[in-house]
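All chains are named by letter (A, B, ...) in the order of the sequence lines, taking the proteins before the strands, and each is independently numbered beginning at 1.
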Amino acid sequence: MIPALAIQDLGYAYPDGTVALHGITLSVAPGECVGLLGPNGSGKSTLLRHLNGILPERLPGTGGAVAVHGEPITSANVAAVRRQLGLMFQDPDDQLFCATVREDVGFGPQQLGLGAAAAAARVQSALEQVGLVHLSHRPPHHLSNGEKRRACLAGVLACAPSILVLDEPTSGLDPRGRRELIALLRGIAATKLIATHDLELVVELCPRSIILDGGRIIADGPTTELLADEALMLAHGLERPHILQHRHPHPAKD
Amino acid sequence: MTAIFFPSPAQSGRLLRWPAGAKMAVALGLVFGTALVPAGWVAWFEVVTLVLVAVMVLGKIPPGPVLLRLLALSPFVAGVALAAAWHPGGTLDWKITALRSGLCLATVILLAQTTPFGEMLAVLRRARVPALLVTTIALMQRYLFVLADETERMGRARASRTFTRGRWFAWRTAATVVGQLFVRASERAEHVYDAMCARGWR
Amino acid sequence: MHIPDGFLDAKTALATGALSVAGLGFALREVRRELPPRRVPLLGLAAAFLFAAQMVNFPVAGGTSGHLLGGALVAALLGPAAAVVVVATVLIVQCFLFADGGVTALGANIFNLGLVTTLSGYAVYATVSRLLPGLRGRVAALAFAGWCSTVLAATACAGQLAWSGTVAWSAGFPAMAGVHAFIGLGEGIVNALVYVAIARTRPDLLPESGVPADRPARLREFVVLGLLATLGIALFVAPFACPWPDGLDAVAARLGFGHQAVGVLLPAPAGAVGALVAFGLAIGFSRLVVQKPPAGAADSA
């Protein structure tokens, strides 16, 4: 089967010489949900910004390749790749750049060149999916953090991507906002790659996890096994999540 | 100074539902008329005053903030009054000037209070204002609150670690805040560009 | 310096409006052609930056405080055409969203603060920073540019008020130019301090020298916009500053300016002396703020 996402020996150094990624190789099968863990500065965000060709476009990397559904990303097909792969950024204020929520959710469909009616239908269904129809006329500035995240998610979903890449989706959310977002993510069928510090989210959503540190892949395997390995977790700035401490290492069923 | 007067056009009332283009056209008509009609047209000023009062009543707009904002005009009016007093030979009646300014100001405030900014932008787009300008205005309006919040936070953080030093120090710190603000705005511009590209822009 | 409604008459509003539309239109065209796509969001963010920066208070004396005008600073950071778009955007939003500055005076405000400050500021900055090398030279250039742009904008403003018959030139010009010769010192200092602060944290955001690499484009936009600004200033100020006979004189007389002599005799020598003093101060100031090595200088005060 062709993997949804295949990264082959990807390396990257910033112009100031800082090496952010060393020979990253991994692949994600269609429909899989993978957690990407690692301390701050481990290269998670740098890696994610390679997946839709944003970073290489600005500053050429140091080799390696990223393929989406078997197609290596080139400058010729980067636009098509961005239709397949929805990226949700860490700071919702970066992502919600339009005057109102509805306008923002409609940005993607408009860029896709859908007709007005088709675009409006996409926007409406994305807003319904995240439960924000009643706030769609609001300026993003007047939303709570949880509502902002959901608006960002609606903006990505409106483009109907087959792969969803999320950067720290639950950071800065209160427990209820976090719950709602996790429930939402569980209901989305797309292939998912989630970079996060929220280990309980990983336990709940991602059967497989990858640990990144110093720009290298340290571990790649079943989430419950990795997270239960206390020595491994502590060595890479993480910790064994609380919910695993009272359970046997079987995957959480829900 | 403008920060105090952030408008809040979320007021209820039927005025909010009127088409934005019509409201803008009426407001522009009132402002241009009031600013430019001869000083002798007292009836015009009376009619405009009545219209504005009617809008305030219909839109259920509290008069407090509007009056407060009018006060901020006073230094400019005082300056002109002073200059007029200095030159008694001049043709200018500073009271009429003050009246014109006050009425125009009230008109613009009421427009901002009854019309969401997004709708005004849509009118500009339809009126064929260059897209780059409309985009820039829209982005500015979206991020000015974000940056204003950041300014405030940086100012507070600085103040909580500053223990009354000289004016020179205050200037340096304020300038550092402004410099930092530019750095953050530039970084955010890059992120916004990334986010636009991620959703298929260009 | 935001002129409210009611202070300008129809002909002044029309003339300034036409000049501003022409200037802004040209600047937009240049920006669309020259700016790489990934810098487009920067225009809106820079406008939001300028707005927020103007909220930061610089204490003066007796509880009063001033704030940044920013035209020269933005021009030095982004180039003249982008700066025109940015400052005009700020003025448009201030006018309609915050009722700061009149609608009929929007043209005049965009002309004074959007065209005159950015272009005079850029001209002075580019010229002086070529003569004086290094970061210190650029800081001195920007400080002086801040002063010049403030005084020139105030002069244009006084000209428009006089042309409208609101404030006589003989009263308005000395008052505006005099006050702004001092405000301009503050503007210059703030511009320089902000530039130094950026140079310390993210020097990569600053253009390397006064005249960046894309020179032909910059030169064209600068010459065209500069001509517009000069034309406008000449239009508003010349009737009062020059002892021209007949027509213009008659206009002035009808509008009731008796004290022409003050307006004619004062500007030239006083302006020259003021500019020299400001230039000297700018150079001295740049030596004061740029001398320590960048490391360890942060927060050492």
- Segment of F89(A) engaging chain B (4.5 angstrom heavy-atom cut-off): side chain
- Contact part of C152(A) toward chain B, heavy-atom cut-off under 4.5 Å: side chain, backbone, both or neither? neither
- Task: Give the C-alpha distance, both sets of side-chain angles, the deciding distance and a yes or no for side-chain contact (heavy atoms from CB on, under 4.5 Å) between H191(B) and D91(A).
- Result: CA-CA 9 Å; H191(B) 297 162; D91(A) 183 349; over 6 Å; no
- When rounded to the nearest 0.5 angstrom, what distance separates SG in C197(B) from CZ in R49(A)? 12.0 Å
- Task: Could you check if a side-chain atom of R199(B) sits within less than 4.5 angstrom of a side-chain atom of Q95(A), using non-hydrogen atoms only?
- Result: yes
- Item | Contact check, side chains of D94(A) and R188(B), non-hydrogen atoms, under 4.5 Å | yes
- Tell me, please, which residues at least two apart from D174(A) pass side-chain hydrogen bond (donor to acceptor under 3.5 Å, both in side chains). none
- Item | Pairs where residues 129-145 of chain B contributes a residue and the test side-chain hydrogen bond (donor to acceptor under 3.5 Å, both in side chains) is met, not counting sequence neighbours | D93(A)-R142(B)
- Item | Nearest atoms (heavy-atom pairs only) where A99(A) meets G118(B) | CB-CA, 4.5 Å
- What option among P140(A), P161(A), G113(A), C159(A) has the most heavy-atom pairs under 4.5 Å with chain B? P140(A)
